[in-house]
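For clarity, every value in this text was computed on a predicted model and none was experimentally measured. Protein chains get the first letters and strands the later ones, always in sequence-line order, with residue 1 at the start of each. Values below: all heavy atoms of this structure, side chains included; hydrogens, waters and symmetry mates excluded.
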Amino acid sequence: MEKKLMVLDGNSIASRAFYALPLLTTDEGLYTNAVYGFTTMLLRMLDEEKPTHLLVAFDAGKVTFRTEEYKDYKGKRLKTPGELSAQFPLLKELLNAFNIKHYELNGYEADDIIGTISAQAEANGFTTLIVSGDKDMLQLVSDKTRVALTRKGISEVELYSPAEVEAKYGLTPAQIIDLKGLMGDASDNIPGIPGVGEKTALKLLHEFKTVENVLDHVSEIKGKKLQEKIAAHADDARMSKELATILRDAPIEVTLEETVYQPYNQEKVVSVLERFAFKSLLERLGLNSAEANGAPVQAQEEIDFVTITEENREAWADKLTSPMAVMVEVDAENYHGAPIHGISLADGTVRLYVPFDQAGWPALIKWMADPEQKKWVYDAKRSQVALAWKNIQLEGICFDVLLASYLSNPSETNHRLCDVAERYGMKLASDDAVYGKGAKRSIPEASILGPHIARKAETIYRLRDKMDAALKEEGLDELFYDLELPLATVLGDMETHGVRVDRQRLDEMGVELTEKLERLTKQIHELAGTEFNINSPKQLGEILFDKLQLPVIKKTKTGYSTSADVLEKLESAHEIVPLILEFRQLGKLQSTYIEGLKKEIREETGKIHTSFNQAVTATGRLSSTEPNLQNIPIRLEEGRKIREAFVPSEPGWFIMAADYSQIELRILAHISQDENLIDAFRRDMDIHTRTAMDVFGVDEDEVTSLMRRQAKAVNFGIVYGISDYGLSQNLNITRKKAAEFIERYFSVFQGVKRYMDNIIAEAKKNGYVTTMLKRRRYLPDINSRNFNLRSFAERTAMNTPIQGTAADIIKLAMVNMAQRIEEEKLASRMLLQVHDELIFEVPEHELETMGKLVSEVMENALPLDVPLKVDVNYGKSWYEAK
DNA sequence: TGTCTCACG
DNA sequence: ACGTACGTGAGACAA
């Protein structure tokens, strides 16, 4: 059998885990986050790699041969925090329980143990995988030895063979040492050459291969300053290289035979995991006998219910009461026109299951359509729309478990009924368990299906009071009852009505695009000198950067980046590049919008029926799927033409589009109370021009188009939670320049600055931020010691109240609009929402009324200290409504 | 299934 | 020094 050694860098992974995870403690007061993170990583790698031999290497003590040589080695490193160092004994205890060999050697680092054992492994025909968070390890990569580096804390690893090292750095593994020699390593206090960072070091190595060779050819290096620096620090470079070199022949006493990975004693492992309170790991290893092995399906309580038949239904008619939980079991993910298995009902005493062939039960039809009969459901819109396709009306919904769960934590992606139930201490079999997953999905026999659906209604019934209390507790009840719940009905009506799409128009555009794409394909293949798949980033990268030798601007995990911003920088480098950009643009139109949309036109109605998802985004926005009608092209004219195919569903009608102007910046003005920003909007100025005037200190007529463009980018940045790096990327300017813009912005808009500081402080204190309608988003990483996680949370804290309040406002406008259309008995219909705009179809004689009504309702949805402004346009298609 | 790319606000 | 703009969904490719 093939021998496979896995070596883990104990110190590196444990400290990565420590900084990536919150500081977990057990009841006894043990800190365990590093141990926990290390263990999950270990188990994952064991699972994926299935090694035959296994070793964990640790550093030993402060004094190593490297400190002897260079007293400042690791000199500036912050002391290991006590909360971390206390975890190493625990980690070793856990490794012992798992029967995993660990080793440390006085005077040497874990690196050297790893370097030595892997050298021995290579000599003995092993393949080796080294797991670490330290890039230095890449120098050990070879045909037989791979390195897995942790990414994003410890949640991912990136595997390196020689090819990946080459792809990422353009270096051989051995040259990694030279890289360190030149650039140094601040965390280990290895000096390198001052002023030489990764970019310069790579450039030098691509040309001269080694540190020694660089030093021998100083005079040939471009840049006088650089030459001087290198000459002055030649010894530093030599020493740095030496320090960075991992030993392959340390005097270790551990042998390969000792690292054989053997089965462990379950009792010992259980006792250690229990002491550390690693419940999820116990479960993962199947070690907490009862829960992990017993199927949850059996754990749920049996309930009594009656299945409605032709014969017994008369007797149950008067049991349909108010309130009652209703579960409409729809067969498919996409509920438009989908089959329905059945409907179950529960009111605490009565429990009914109505197979769908009994759905024509007159008492039920009447009860469902009666708005006075209160219904509690899971996913109101799904129930309403699926029934509407069967011409069954559902009214009177006054609780929705899905929406309640979403509001209680909009960052949660899983709101399945079974999981919500579990969070509230109840058991319910998952749909996956009952129906099967993927290819195995099937409808179970009636003796399983009926009880499952009946249990769902029962679960909804039991959840309602608890969830209602939870909503009130968090101040989310108004948002829920007055906004989200009524909105579900409005959205359901919009989806059911659908949008008329002119298939012929799409066909015509498709034919034109096909011709253009064929021409472009030929030209591109000719210029490349070979035929290849232009849609494959891999093949395209090879053509551009290997064959045609264009300069590499950016790389991805898997190879060269060929994204539009990279290609735009290469546009003048080769005539093939603009053709590829055009191919990409037209290809996207063809596949996603022409072909994609045509597939979504329903036979039954000749319309497209999207689904608005009301419970996915973390900010409170809607999203749209199958198809997504919130990303129909508009920015480029060729794409915008797609909108010509979106037409009214009645002859002679019009499409009307009403969009909020700068709603997010207006909200920012209101919540920050920035005087300058408020003034700008009260004067109804062009906000980007005004920003340019203030930031660049010029008069209105001196604002150039460049200045306005840059000011616009700054405004976007402000809304997103500004960072100098992000702005520099967007504007293609240096980070320093971007930082200057931001500083100048904040000196003029001091109220905005104050808001940004305050909202972050608030988030740190409360653990969440809120919108104007009290919608809440939790930010668990806001106090993280991991810079990346924390920064992300801070930007989110700045952005969410703005984006979320905009979502609140347009949702209010939608509910109000639907009500006004009904009250005023208008024929017009709301069709779509695209975050800051609403699309309607309107008969000619209602154009004037609707134009006024829409702007009135939208502008007054929520009064702010600045006016909200709405632009209304209409035309014979969505394209013309501009 | 994950990755890349790109469409929108 | 770290490595990023905020929020989405879909199609194509390559395992």
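Nucleic acid contact class of Ser723(A) (heavy atoms, under 4.0 Å, all strands): base. Among the protein residues, Gln729(A) comes within range of no part of the nucleic acid, since none of its heavy atoms lies under 4.0 Å from any strand. Residue contacts shown for Gly717(A) include a base, since a base heavy atom lies under 4.0 Å away. No engagement by Val719(A) is indicated, since no non-hydrogen atom pair under 4.0 Å with the nucleic acid exists. Among the atoms of the strands shown, only primed sugar atoms or phosphate atoms (P, OP1, OP2) are found under 4.0 Å from some heavy atom of Ala564(A). Note on Ser561(A): only backbone sugar-phosphate atoms sit closer than 4.0 angstrom, heavy atoms only; bases stay farther off. Within the 4.0 angstrom heavy-atom criterion, base atoms lie near Ala713(A). Heavy atoms of Arg735(A) sit under 4.0 angstrom from at least one base atom. When heavy atoms are screened at a 4.0 angstrom cut-off, Asn730(A) is found touching base atoms of the nucleic acid. Using a 4.0 Å heavy-atom distance criterion, Arg635(A) is classed as a base contact. Ile802(A) comes within contact range of no nucleotide atom at all, as no heavy-atom separation falls under 4.0 Å.
Whole-Å rounding puts the Glu794(A) CD to dC6(C) P distance at 12 Å. For the pair Asn799(A) CG and dC6(C) C1', the interatomic distance rounds to 4 Å; values are reported in whole Å. Between Asn732(A) atom CG and dA5(C) atom C1' the separation is 14 Å, expressed in whole Å. Nucleotide dG3(C) holds its C1' atom 16 Å from the CG atom of Leu727(A), rounded to whole Å. Rounded to whole Å, atom P of dC6(C) lies 16 Å from atom NE2 of His835(A). Across the protein-nucleic acid pair, Asp565(A) atom CG and dA5(C) atom C1' stand 13 Å apart, rounded to whole Å. In this structure, Tyr725(A) atom OH and dC6(C) atom P are separated by 12 Å, rounded to whole Å.
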Under 3.5 Å, side-chain donor or acceptor atoms of residues 709-716 of chain A against the rest of the protein: list the pairs with distances, not counting sequence neighbours.
unit_1	atom_1	unit_2	atom_2	d
Asn715(A)	ND2	His688(A)	ND1	3.0
Asn715(A)	ND2	Thr691(A)	OG1	3.0

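Each of Ser791(A) and Gln803(A) was assigned the nucleotide of DNA chain C with the nearest heavy atom; the assignment lying further toward the 5' end belongs to Ser791(A).
Between Tyr560(A) and Phe545(A), the ring planes lie tilted relative to each other; the angle falls in the 30° to 60° range.
Annotation: side-chain hydrogen bond (donor to acceptor under 3.5 Å, both in side chains) contacts of Lys588(A) (sequence neighbours excluded): none. By the ring-ring contact (aromatic ring centres under 6.0 Å, His included) test, Phe792(A) is found to be paired with no residue, residues two or more places apart in sequence or in another chain being considered.
With P as the reference atom, dT3(B) and dT4(C) are 14 Å apart, rounded to whole Å. The separation of dA7(B) from dG3(C), taken at their P atoms, amounts to 29 Å, rounded to a whole angstrom.
Remark: Glu880(A) does not engage Arg643(A) in a salt bridge, criterion side-chain N to carboxylate O under 4.0 Å. A salt bridge between Glu595(A) and Lys599(A) is absent, with no side-chain N of the basic residue lying under 4.0 Å from a carboxylate O of the acidic one. Electrostatic pairing of Asp565(A) and Lys554(A) counts as a salt bridge here, judged by a charged N lying under 4.0 Å from a carboxylate O. Under the 4.0 Å criterion applied to side-chain N and carboxylate O atoms, Arg146(A) and Glu164(A) are not assigned as salt-bridge partners. In summary, Arg775(A) and Glu484(A) engage in a salt bridge, as defined by a charged side-chain N under 4.0 Å from a carboxylate O. With salt bridges taken as basic N to acidic carboxylate O contacts below 4.0 Å, one links Lys381(A) and Glu495(A). Comment: Glu568(A) does not engage Arg584(A) in a salt bridge, judged by the lack of any side-chain N to carboxylate O separation of less than 4.0 angstrom.
Cation-pi geometry between Lys753(A) and Phe749(A) is not met: the NZ or CZ atom fails to fall both under 6.0 Å from the ring centre and inside 45° of the normal.
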For DNA chain C, the expected dot-bracket line (Watson-Crick or G-U under 3.5 Å, [ ] crossing, | inter-strand) is .....|||||||||.

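Counting 5' to 3', DNA chain B first comes under 4.0 angstrom of a heavy atom of chain A and last does so at the ends given by dT3(B) to dG9(B).
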Whether each nucleotide of nucleotides 8-15 of chain C has a protein heavy atom under 4.0 Å at its base (B), only at its sugar-phosphate (S) or at neither (-) is summarised, 5' to 3', as SBSSSSSS

| said: Run the side-chain hydrogen bond (donor to acceptor under 3.5 Å, both in side chains) test on Ser623(A) and Asn613(A) for me, step by step, so that the C-alpha distance in whole Å, both residues' side-chain angles and the decisive distance to 0.1 Å come before the verdict. | reply: CA-CA 5 Å; Ser623(A) 79; Asn613(A) 203 326; 4.9 Å; no

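The side chain of Arg795(A) contributes an N or O atom lying less than 4.0 Å from OP1 or OP2 of dC6(C).
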